[in-house]
Amino acid sequence: MSTALSILDLASIAPGQSARDSFGNSVALAQAAEGSGYRRVWYAEHHNMGSIASSATSVLIGYVAAHTDTIRLGSGGIMLPNHSPLVIAEQFGTLETLFPGRIDLGLGRAPGSDQKTMLALRRNPSSADSFPQDVLELQGYLTGRSRVPGVQAVPRAEGVVPLYILGSSLFGAQLAAQLGLPYAFASHFAPDALHQAVAVYRDSFRPSEQLAEPYVMAGVNVFAAHDTDDAVAQKTIAYRARARMMIKRGAADVRYTDEEIDAFLASPNGRQLASMTQYTAVGTPDEVRSYLDDFAASIEADELILTHQATQIEDRVRSVELTGAAMAAAAPERVVG
């Protein structure tokens, strides 16, 4: 593939299913990605969200790693201000020791939750301010060059645990550039600053021990199916469910019909919610490939992080496989020297 493909698995819990079902779905999705040429699968840290099962992110990574063979797995991301850098270094040192050469550590500074949950996590509202220092402390533990005298992360894996900075604003772009780390932009739900952030990252990049040149990753939502109408229907169902989840917070007993959801999404407030998924590829494999190629070219992306958003796991797996096959078939032939 000319542009690397990876997956952000939101580990969603579908209506009528359990968290255990979600974990089985995550294994099926990772196995499909492994067989379809994807580079990695990432999982995001979210808390107090009844439809997302990836709160214990490192545990889920280990579970999926035990059921796959070669694909890289990691966090997209760990919300570092929720944790001690030492604890995260220990967790990911353990994962890399168990699954050498397969573990990534993507880092973000958002709470991954609401204000009440942030307090339940014992997180100080100002903890995000120390994010740059926390990243450096964590990096020191992982590389065996601790910045805290007398403290080491055990176990520390023999192999490298590469760091990635995640963001949806210029802050993350500037930090990734300053530290010489790959930058992943959350354009699958926060599209507004994508082009500006990528430009800032590239213009400000400083080479590091981990990375000699800028490396840009960006999120895109995908619904791929054999038939365009089927893909559009999957998108409609999934985005209605997403809107319900977001507007029902604090009103769990309220039920909204499809017509009410559609009317809301067409309203001024709803259009703002709908615009969050601006970057969405939907249609047949060729239509999805064309969209992804154009999107990648617009920011000169090195890698695309795809969120296959269909509600049913069978449709998600099919979307993963169809997209992977379409992108691989269209990739230019590589000359072997």
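One-based numbering along the sequence shown.
- A distance-only check finds no donor-acceptor pair linking the side chain of Q210 to the backbone of P162 [under 3.5 Å].
- Side-chain contact of E34 with T70: a donor-acceptor pair under 3.5 Å is present, judged by distance alone.
- A donor-acceptor pair under 3.5 Å is absent between the side-chain atoms of R39 and the main chain of A4, judged by distance alone.
- Nearest heavy-atom pair across P81 and F131 is CD-CD1, 4.1 Å.
- Checked by atom type and distance alone, the side chain of T323 never pairs as donor or acceptor with a backbone atom of V320 at under 3.5 Å.
- With no hydrogens or angles considered, a side-chain donor-acceptor pair links S26 and D9 at under 3.5 Å.
- Shown here are the side-chain hydrogen bond (donor to acceptor under 3.5 Å, both in side chains) partners of R318, two or more places apart in sequence or in another chain: D315.
- E287 and T228 are linked by a side-chain donor-acceptor pair at a separation below 3.5 angstrom, with hydrogens and angles left out of the test.
- Residues that satisfy the side-chain hydrogen bond (donor to acceptor under 3.5 Å, both in side chains) test with S169, not counting sequence neighbours, are absent from this structure.
- Of the inter-residue distances, the one linking L5 atom CG with I305 atom CD1 reads 9.0 Å to the nearest 0.5 angstrom.
- Of all the heavy atoms in T277 and A274, the pair that sits closest is OG1-O, 3.0 Å.
- T117 places no side-chain N or O within 3.5 Å of a backbone atom of N48 that could act as its donor or acceptor partner.
- Transitive grouping of hydrophobic side chains (ILVMFWY, heavy atoms separated by less than 4.5 Å) brings L8 and I71 into a common cluster.
- Scanning all heavy atoms of the two residues, the minimum distance from D302 to P214 falls at OD2-O, 3.8 Å.
- For the pair Q31/H67, a side-chain contact is recorded, criterion being any heavy-atom separation below 4.5 Å from C-beta on.
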Taking distance alone, no hydrogens or angles, what donor-acceptor pairs closer than 3.5 Å link side-chain atoms of residues 194-203 to residues at least two apart or in another chain?
unit_1: Y201; atom_1: OH; unit_2: L181; atom_2: O; d: 2.8
unit_1: Y201; atom_1: OH; unit_2: Y215; atom_2: N; d: 3.0
unit_1: Y201; atom_1: OH; unit_2: Y215; atom_2: O; d: 3.4
unit_1: R202; atom_1: NH1; unit_2: I299; atom_2: O; d: 2.9
unit_1: R202; atom_1: NH2; unit_2: I299; atom_2: O; d: 3.4
unit_1: R202; atom_1: NH2; unit_2: E300; atom_2: O; d: 2.6

Exercise. For L142 and Q139, what are the C-alpha separation, side-chain angles and deciding distance, and is it a side-chain contact (heavy atoms from CB on, under 4.5 Å)?
Worked result: CA-CA 5 Å; L142 291 171; Q139 189 176 50; 5.8 Å; no
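- Linking ILVMFWY side-chain heavy atoms closer than 4.5 Å, directly or via other members, places L322 and V222 in two distinct hydrophobic clusters.
- Distance alone, capped at 3.5 Å, places no donor-acceptor pair between the S130 side chain and the Q133 backbone.
- Of all the heavy atoms in L265 and A243, the pair that sits closest is CD2-CB, 4.0 Å.
- One N or O on the side chain of R316 and one on the backbone of T311 form a donor-acceptor pair closer than 3.5 Å.
- Judged by distance alone, the side chains of T68 and R102 do bring a donor and an acceptor atom under 3.5 Å apart.
- Side-chain contact between L29 and V41 is absent, with no heavy-atom pair separated by less than 4.5 Å.
- With sequence neighbours excluded, the residues that form a side-chain hydrogen bond (donor to acceptor under 3.5 Å, both in side chains) with Q91 are S58.
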For this session: Would you sort out whether L306 and L292 count as a side-chain contact (heavy atoms from CB on, under 4.5 Å), showing the intermediate values?
Result: CA-CA 10 Å; L306 308 184; L292 294 179; 4.0 Å; yes
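- When every heavy atom of Y291 is checked against every heavy atom of A281, the shortest pair comes out as CD2-CB, 3.5 Å.
- Aromatic ring pairs are classed by plane angle as parallel below 30°, tilted from 30° to 60° and perpendicular above 60°; the pair H308 and Y38 is perpendicular.
- Both Y63 and L10 belong to a single network of hydrophobic side chains, linked directly or stepwise wherever heavy atoms of I, L, V, M, F, W or Y lie under 4.5 Å apart.
- For R109 and F171, the positive end sits near the middle of the six-membered ring, less than 6.0 Å away and at most 45° from its axis.
- Considering only residues two or more places apart in sequence or on other chains, E209 meets the side-chain hydrogen bond (donor to acceptor under 3.5 Å, both in side chains) condition with R145.
- Proximity of a side-chain donor or acceptor of N221 to a complementary backbone N or O of H188 within less than 3.5 Å is detected.
- Cluster annotation: L107 and Y141 are assigned to distinct hydrophobic clusters (Ile/Leu/Val/Met/Phe/Trp/Tyr, side-chain heavy-atom contacts under 4.5 Å, transitive).
- Across all their heavy atoms, P85 and L80 have their closest contact at CA-CD1, 4.3 Å.
- For F295, the ring pair (Phe, Tyr, Trp, His ring centres under 6.0 Å) test picks out Y279, with sequence neighbours left out.
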Problem set entry | Test side-chain contact (heavy atoms from CB on, under 4.5 Å) applied to F92 and S75, step by step | CA-CA 10 Å; F92 280 78; S75 60; 4.0 Å; yes
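- A donor-acceptor contact shorter than 3.5 Å is absent between the side chain of S12 and the backbone of S51.
- For S275 (side chain) and Q278 (main-chain N/O), no donor-acceptor pair under 3.5 Å exists by modelled atom type.
- Judged purely by distance below 3.5 Å, without hydrogens or angles, the side chains of T57 and E45 never pair a donor atom with an acceptor atom.
- With contacts defined as side-chain heavy-atom distances shorter than 4.5 Å, the pair E96/P100 qualifies.
- Residues Y239 and F223 place their aromatic rings such that the two centres sit under 6.0 Å apart.
- Of the possible donor and acceptor atoms, none in the side chain of R289 sits under 3.5 Å from a partner among the backbone N and O of M327.
- Residue V160 is not grouped with residue L163 when hydrophobic side chains (ILVMFWY) are merged at heavy-atom distances under 4.5 angstrom, including chains of intermediate members.
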Problem set entry | Steps toward salt bridge (Lys or Arg N to Asp or Glu O under 4.0 Å) verdict (R156, E90) | CA-CA 7 Å; R156 183 176 75 82; E90 291 169 341; over 6 Å; no
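- A donor atom on one side chain and an acceptor atom on the other are found under 3.5 Å apart for S18 and D21.
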